[in-house]
Amino acid sequence: MRYMLSALLVSTALLTGCAGTAPKATFIAPPVKDTRVRNGDTVKVAVVAGAGVEMLESERLHLGEVISQKLGQFQAKNPAMGTPTAYDLEVTVSRFEKGNAFARAMLAGLGQIHIDARVRLLSAADQSQVSAFDLKKTFAWGGMYGATTGIEDVEPAFAEGVASALTGLEEAKK
């Protein structure tokens, strides 16, 4: 029984990844005609809390800023093509749980941090949908690492997942 519990905890930790591991997008609508956000394009980011999700305005603004910054890093590595395009990015958060640091310290898998969202990229000109995907980031490590990690440490990885899906790049090299 003890070994089964240990194996379960280790597999949970391995499957959920560390705070800095970017999640992969699950596309609902693939990008229109292989559209990618490129260097020179402008993207206006709006983060909204979905039904039943408790998120302070400051948390929504902070997450939006982290996404904007990460997207800017990725865009810089994606060469411009033709006339720059303007986009609106809608991030509708469906789950925003800060978890419990004490519970994470006691046992991996408890007190998990979650950020889940539906992301839609729209053409700013006519508001037509260019792409749509779901993204889920979970952090469940235990011990001191789990106790000292907060949602602010997980947001950059979530933002990297958004930027990767929008630009077609895996990671932005600084």
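All values reported here derive from a predicted model rather than from experimental measurement.
- Between the OG1 atom in T149 and the CZ atom in R104 there is a gap of 7.0 Å [rounded to 0.5 Å].
- One finds the CG atom of L89 at 5.5 Å from the CG atom of L166 (value rounded to the nearest 0.5 Å).
- The two residues A165 and A25 have their closest heavy-atom pair at CB-CB, 3.7 Å.
- Between L169 and S164, every side-chain heavy-atom pair lies at or beyond the 4.5 Å cut-off.
- You'll find the side chain of I151 stays beyond 4.5 Å of the side chain of E97, heavy atoms only.
- D41 contributes a side-chain N or O that, together with a main-chain N or O of T85, makes up a donor-acceptor pair within less than 3.5 Å.
- Side-chain contact between Q112 and N100 is absent, with no heavy-atom pair separated by less than 4.5 Å.
- Contacts classified as ring pair (Phe, Tyr, Trp, His ring centres under 6.0 Å) and involving residues 25-53 (residues at least two apart or in different chains) are given here: F27-F133.
- Residues E90 and V48 are not in side-chain contact: their nearest non-hydrogen atoms beyond the backbone lie 4.5 Å or more apart.
- Salt-bridge formation is detected for the pair D134/R118: a Lys NZ or Arg NE/NH1/NH2 atom is positioned less than 4.0 Å from an Asp or Glu carboxylate oxygen.
- Side-chain contact between V37 and N78 is absent, with no heavy atoms from C-beta onward closer than 4.5 Å.
- With 3.5 Å as the limit, one finds no donor-acceptor pair spanning the side chains of Q73 and Q69.
- Hydrophobic clustering, with ILVMFWY side chains joined whenever heavy atoms are under 4.5 angstrom apart, groups V53 together with V91.
- Distance check: I113 CD1 to D153 CG gives 7.5 Å after rounding to the nearest 0.5 Å.
- With hydrophobic clusters built from ILVMFWY side chains whose heavy atoms lie under 4.5 angstrom apart, V66 does not share a cluster with L71.
- Between K137 and E160, no side-chain nitrogen of the basic residue sits less than 4.0 Å from a carboxylate oxygen of the acidic one, so the salt-bridge criterion is not met.
- Nearest approach of D126 to S128, heavy atoms of both residues: OD1-OG, 2.8 Å.
- Transitive grouping of hydrophobic side chains (ILVMFWY, heavy atoms separated by less than 4.5 Å) brings Y145 and V154 into a common cluster.
- Here the closest heavy-atom approach between residue A49 and residue R60 is recorded as N-CD, 3.8 Å.
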Checking E59 against K98 for the salt bridge (Lys or Arg N to Asp or Glu O under 4.0 Å) test, could you report, in this order, the C-alpha distance in whole Å, the side-chain angles of both residues, the deciding distance, and whether it holds? CA-CA 11 Å; E59 293 167 333; K98 297 175 188 177; 2.4 Å; yes
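- Rounded to the nearest 0.5 Å, atoms NZ (K136) and OG (S94) are 7.0 Å apart.
- When all heavy atoms of T167 and R36 are compared, the closest pair comes out as O-CD, 3.2 Å.
- The two residues G50 and T92 make their nearest non-hydrogen contact at CA-CG2, 4.0 Å.
- Separation of the F158 and F139 ring centroids does not fall under the 6.0 Å cut-off.
- Atom CD of Q129 is separated from atom CD1 of I28 by 8.0 Å, given to the nearest 0.5 angstrom.
- Under the 4.5 Å side-chain criterion, counting only non-hydrogen atoms from C-beta, L122 is not in contact with V130.
- The structure places CZ of R38 at 11.0 Å from CD of Q75, a figure rounded to the nearest 0.5 Å.
- Side-chain atoms of T35 do not come within 3.5 Å of backbone N or O of P31 as any donor-acceptor pair.
- A side-chain N or O of Q127 and one of D88 form a donor-acceptor pair less than 3.5 Å apart.
- Minimum interatomic distance between K70 and P156 (heavy atoms only, all atoms of both residues): CE-O, 3.7 Å.
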